[in-house]
Amino acid sequence: MMRILLFLATNIAVMIVISILFKLLGLGNYLNAQGTGIDLGALLIMSAVIGVTGSVISLAMSKTMAKRSMGVQVIEQPQNQTEKWLYDVVIRQSQKAGIGMPEVGIFQSPVANAFATGMNRNSALVAVSTGLLQSMTPDEVEAVVGHEISHVANGDMVTMALMQGVLNTFVYFFATIIGHVVDRALSGNNERGGFGMGYYIVQMIAQIALGFLASMLVAWFSRHREFKADAGGANLAGREKMIGALRALQRGHEAEELPGQFAAFGINGGGMQRLFMTHPPLEERIAALQNNR
């Protein structure tokens, strides 16, 4: 809750600063001179509602979405030794990390992977793939679970959703301004009412272009967060176990992305270009642990 309140306060502060800057720079007068009729304050508020609402709703539904889309089978009562061992590991590590006991689940996939999700650090979900349990030693699995528990303890799910919401706000805000200005410039008629086709086309293109830039920022923060989760996993399970788990991923690495938002909270990740990668290269993560970064 404190993290959400801080986010709201920060977002409001940023909106106020931008409004003041626009007044000092005379952007409002310029837009009025162009005949756009934009109320910057109202546009900021509308952009915040549009940008943040989707992220918050997605976060609130994340556990339900994960269970359905990934086919996660939640362990209510362990049915075998593997499930009991995994459940006990999560109990032990969550207590050590100072968080509420997460739900524990297993999903069918031949690829070694795991993820954490949930709106609250005391009501999360930690899930591992069958491929992870089959291809890794108990020590390595324990380290992977520690990595995911660290994501939960660090509040990464909430932080990432709120960051995405802020970026969505300003993507829509600036794309709308660009669309209005270009539309008026192309029309050559500042007195007409309504929007021309140019507005919708330019606004859509601007949202795509600005969205790419926003994605780079989200990916950069995600990579930074992965180093912290690795360090947390090393603290919970042991540094050598965490290094061993990353090396196991490196040996059998297959770049299968988790769908949607869950890719950002998996142990295994990749991407075509570094700027859009949610996870640093495995060799860098191993080096970071070896150097105690």
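FYI, the numbering just counts along the sequence from 1.
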> Distance from R285 atom CZ to D230 atom CG, nearest 0.5 Å?
Replying inline: 4.0 Å

> What is the distance from atom CZ of R121 to atom CD1 of I149, rounded to the nearest 0.5 Å?
Replying inline: 11.0 Å

> What is the distance from atom CG of L43 to atom OH of Y172, rounded to the nearest 0.5 Å?
Replying inline: 7.0 Å

> With sequence neighbours left out, what residues match N168 under side chain to side chain donor-acceptor pair (under 3.5 Å)?
Replying inline: Q164

>> Can you list everything that forms a salt bridge (charged side-chain N to carboxylate O under 4.0 Å, His left out) with R247? Sequence neighbours excluded, please.
In response: none

> Taking only residues two or more places apart in sequence, or in another chain, which ones meet T176 in a side chain to side chain donor-acceptor pair (under 3.5 Å)?
Replying inline: Q203

> Who pairs with E103 by side chain to side chain donor-acceptor pair (under 3.5 Å), at least two apart in sequence or on another chain?
Replying inline: K63, K67

> Can you name the salt bridge (charged side-chain N to carboxylate O under 4.0 Å, His left out) partners of K84, sequence neighbours left out?
Replying inline: D88

>> Please report the interatomic distance CG(N154) to CG(D156), rounded to the nearest 0.5 Å.
In response: 5.0 Å

> According to the salt bridge (charged side-chain N to carboxylate O under 4.0 Å, His left out) rule, which pairs have a member within residues 159-169, sequence neighbours left out?
Replying inline: none

> Considering residues, nucleotides and ligands other than E83, do more than 12 of their heavy atoms fall under 6.0 Å from its CD?
Replying inline: yes

> What is the distance from atom CG of N113 to atom CE of M70, rounded to the nearest 0.5 Å?
Replying inline: 7.0 Å

>> Taking CD in Q108 as the centre, count heavy atoms belonging to other residues, nucleotides or ligands within less than 6.0 Å. Is the count above 12?
In response: no

>> Given 3.5 Å as the limit, does a donor-acceptor pair link the side chain of S135 with the main chain of G131, or not?
In response: yes

